[in-house]
Amino acid sequence: MSNWISLGQSCVPLGGLTLPVLLPPIPSASRKEMDFEAITNYSKLHAKPPGVFLQYGTAGFRTKAENLDHTMFCMGLLAVLRSKQTKATIGVMVTASHNPEEDNGVKLIDPLGEMLAPTWEDHATRLVNAEERELQHVLTDICKKEDVTLQQEAFIVIGRDTRPSSKKLSQSVTDGISVLGGQYHDYGLVTTPQLHYMVRCRNTDGIYGTATVQGYYEKLSNAFVELTKETNHQSRSRTALKIDCANGIGALKLKEMEPYLPKYFVMHRYNVGSKGKLNHLCGADFVKVHQKFPVGLEMKPGERCCSFDGDADRIVYFCEDAAECLCLLDGDKIATLISTFLKELLDKAGQTLTLAVIQTAYANGSSTRYLKETVKVPVHCVKTGVKHLHHKAQEFDIGVYFEANGHGTVVFSKAAEEKIRNQAKEEKDPQKREAAKMLENTIDLINQAVGDAISDMLVVEAILALKDFTIQEWDALYVDLPNRQLKVKVADRRVIDTTDAERRAVTPPGLQERIDRLTKQFQLARAFVRPSGTEDVVRVYAEANTQENADRLAHEVSLAVYHLAGGVGEPPTTEVR
Ligand code: 16G
Ligand code: MG
């Protein structure tokens with residue numbers, strides 16, 4: 001952990017600037033025992049809101065910002081315990097991604113930049129919901145169950161998005177860290193994937209990269225320049241890219257990165273936060289779910305555009321077609337482009353590494369068919385949520401994973417990476433060596449820790465440039481089946497239990513049979529329902545041969561959910577948009 005030394009000014013023992021003078025300063029030295037008196041005193045300053053139960057969901061805790069102060073403090077405490085247990089740097093990111101501006105959230109990042117281990121998610125839920133008198137017991141119990149050595153030092157890195165509430169909430173995290181004697185470095189405003197990158201850099205002694213935003217920009221831009229250096233700079237795919245930044249952190253970070261990018265990559269940023277509200281009528285989630293153009297972006301037919309989400313870990317591409325309609329290139333299209341590119345390079349290099357694509361139930365049926373039948377790569381379907389995709393992808397030498405919503409990346413096994421890097425150095429055959437070098441640059445351009453809008457955007461731009469593809473040519477690889485997503489409010493969404501990677505409902509009784517009957521009435525149809533992991537709703541997905549049929553099927557399925565799973569409020573109307 002040599003990187004603990006270079007903490008500079010930002011590692012201060014007390015993060016919360018709001019602490020009252022009455023309390024003694026928290027000693028910064030690592031302690032042998034937990035100081036429960038101090039914990040209790042500081043916990044009172046971050047009092048648990050009465051009657052609020054929060055669950056560490058798909059991507060951490062998420063709710064109205066005003067209810068999160070206590071949760072943040074607890075996540076500071078938990079991050080210290082996780083750091084002591086793993087003997088590694090742990091990340092705490094304050095963000096609610098694509099949620100509205102009033103919300104906020106927090107998630108912990110594990111040592112290699114991956115999502116928090118599931119057993120610790122349970123500890124997080126327990127700790128956050130514990131009453132003040134139970135805190136001591138819960139903390140002691142976690143230490144016992146997880147064999148935490150209290151003498152071990154702890155180091156945490158923190159980051160936050162641009163929400164107005166994020167700064168204060170991240171200070172509550174630092175209070176939690178400090179009261180348990182942990183040390184920290186606050187990166188301030190960063191994208192979620194940048195913080196994941198920092199964690200991975202710090203825990204690999206810098207082998208993955210330099211743990212600074214500058215190190216991140218240098219790594220990605222160097223790889224991009226190398227990968228695209230042979231491309232024709234006048235090519236059709238070199239026209240400016242228009243980026244909808246969702247009024248979020250992506251706007252700031254792209255601006256910082258611009259000087260590192262070669263002149264021939266021209267980007268125009270929109271929804272940069274100067275006027276509109278975060279994620280409001282813009283951003284990747286809005287464009288994908290509503291299948292509508294974001295506001296605030298001037299475009300002409302055929303121009304290449306993309307949208308980030310609020311914390312810049314998702315990206316979708318789009319353009320306006322000849323009929324002035326939205327033509328969406330979502331995570332499935334990105335996965336197809338990347339996996340085709342990797343497969344071609346592997347073939348050229350003569351490498352026999354296993355390559356697979358991981359999707360979720362939301363993947364468009366056409367994409368799955370195209371990947372299996374045309375690209376000829378194995379495709380696996382797992383439950384929604386990055387952790388499930390990431391985990392499955394690690395079973396292969398090269399695992400490409402993408403959710404249709406635009407969150408995804410590629411993971412390379414250590415052995416695959418070594419083979420590729422060795423071949424790039426030692427291969428005698430010039431063509432094979434060139435292919436290996438391109439694979440090597442692709443590895444460096446990809447943020448393997450987690451899906452990353454900036455990194456994914458550069459990968460897509462590089463591939464389009466190398467193939468001299470316009471966005472329309474890329475889109476024409478396969479035609480998406482029309483689809484529709486809806487949500488239904490129910491009294492308790494936990495009444496819905498699913499199986500087969502969320503493609504079938506096990507409960508409530510009769511629901512799946514109803515969905516099966518409805519699906520049979522349409523051509524090329526598929527539908528499923530699942531309880532959301534981030535919102536108090538049940539999600540409905542349907543696809544079919546025409547948009548009208550997809551809309552009808554989605555509506556019929558929502559009605560089935562409403563009637564069989566305890567719908568509340570008015571029944572879903574036929575108005576789907
Ligand atoms: C979170 C997940 C995303 C998933 C989405 C589903 C992470 C980092 N993010 O945003 O992968 O697609 O939740 O939301 O895991 P839902 O459960 O509300 O549909
Ligand atoms: Mg996000």
Side-chain angles (χ1 to χ4, degrees), residues 55-63 91 93-100 103-110 113-118 121 159-163 166 190-196 245-250 253 278-279 282-289 307-316 330-332 335 358-363 381-393 401-409 447 449-456 485-490 493-494 496 498 501-502 528-541:
Q55 172 122 27
Y56 196 99
T58 326
F61 293 104
R62 246 179 237 183
T63 189
M93 184 70 198
V94 176
T95 179
S97 183
H98 53 279
N99 284 38
D103 290 0
N104 216 322
V106 58
K107 65 178 165 191
L108 261 51
I109 303 171
D110 256 2
E114 69 278 50
M115 308 297 279
L116 182 66
E121 290 183 359
R160 64 172 196 273
D161 70 12
T162 54
R163 279 161 210 275
S166 289
V190 281
T191 69
T192 297
Q194 282 178 331
L195 194 70
H196 284 256
C245 301
N247 294 317
I249 184 73
K253 297 297 143 178
L278 179 71
N279 299 320
C282 61
D285 196 62
F286 173 81
V287 174
K288 169 71 183 161
V289 174
S307 277
F308 286 13
D309 74 335
D311 63 338
D313 65 352
R314 291 189 194 177
I315 181 172
V316 294
D330 60 4
D332 302 336
I358 321 299
Q359 301 186 314
T360 69
Y362 287 103
C381 183
V382 298
K383 280 165 75 170
T384 303
V386 171
K387 61 184 174 218
H388 302 294
L389 291 116
H390 194 92
H391 187 70
K392 185 72 186 172
Y401 72 80
F402 264 89
E403 291 188 297
N405 62 27
H407 188 118
T409 188
N447 186 347
V450 79
D452 181 336
I454 294 180
S455 154
D456 290 338
Q485 287 189 47
L486 296 175
K487 43 188 178 182
V488 185
K489 276 209 168 291
V490 296
R493 67 195 197 278
R494 288 172 301 181
I496 299 209
T498 63
E502 300 176 320
F528 66 88
V529 301
R530 53 174 282 279
S532 159
T534 64
E535 234 184 298
D536 192 11
V537 294
V538 174
R539 298 211 191 278
V540 172
Y541 175 90

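What you are looking at is a predicted structure, and each value in this text was computed from that prediction instead of being measured. Whatever order the structure lists ligands and atoms in, that order sets their numbers, starting from 1. Just the heavy atoms: all of them, side chains too, but no hydrogens, waters or symmetry mates, feed the values below.
Checked by atom type and distance alone, the side chain of Glu502 never pairs as donor or acceptor with a backbone atom of Ala361 at under 3.5 Å. Between the side chain of Asp309 and the backbone N or O of Ala312 there is at least one donor-acceptor pair closer than 3.5 Å. Between the side chain of Arg163 and the backbone N or O of Ser97, at least one donor-acceptor pair lies under 3.5 Å. In terms of modelled atom types and a separation under 3.5 Å, the side chain of Asp313 and the main chain of Gly451 share no donor-acceptor contact. Side-chain N or O atoms of Asp103 include none that pairs as donor or acceptor with a backbone N or O of Gly105 at under 3.5 Å.
Annotation: side-chain hydrogen bond (donor to acceptor under 3.5 Å, both in side chains) contacts of Gln55 (sequence neighbours excluded): none. Remark: Gln359 pairs with Ser367, Thr368 by the side-chain hydrogen bond (donor to acceptor under 3.5 Å, both in side chains) rule, at least two apart or across chains.
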Enumerate, one pair per line, all nitrogen or oxygen atoms of ligand 1 lying under 3.5 Å from a protein nitrogen or oxygen, stating the separation to 0.1 Å; write 'none' if no such pair exists.
unit_1	atom_1	unit_2	atom_2	d
ligand 1	10 (O)	Arg314	NH2	3.3
ligand 1	11 (O)	Val386	N	3.4
ligand 1	11 (O)	Glu403	OE1	2.4
ligand 1	11 (O)	Glu403	OE2	3.4
ligand 1	12 (O)	Glu403	OE1	2.8
ligand 1	12 (O)	Glu403	OE2	3.0
ligand 1	12 (O)	Asn405	ND2	2.9
ligand 1	15 (O)	Val386	N	3.1
ligand 1	17 (O)	Arg530	NH2	2.7
ligand 1	17 (O)	Gly533	N	2.6
ligand 1	18 (O)	Ser532	OG	2.6
ligand 1	18 (O)	Thr534	N	3.4
ligand 1	18 (O)	Thr534	OG1	2.5
ligand 1	18 (O)	Arg539	NE	3.2
ligand 1	18 (O)	Arg539	NH2	2.8
ligand 1	19 (O)	Arg530	NH1	2.8
ligand 1	19 (O)	Arg539	NE	2.6

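Contact detail for Val316 and Asn405: the closest heavy-atom pair is CG1-O, 3.8 Å.
Legend: protein N/O/S atoms lying under 2.8 Å from the Mg ion (ligand 2), waters omitted, number 4.
Between the side chains of Asn104 and Ser166, at least one donor N or O lies within less than 3.5 Å of an accepting N or O.
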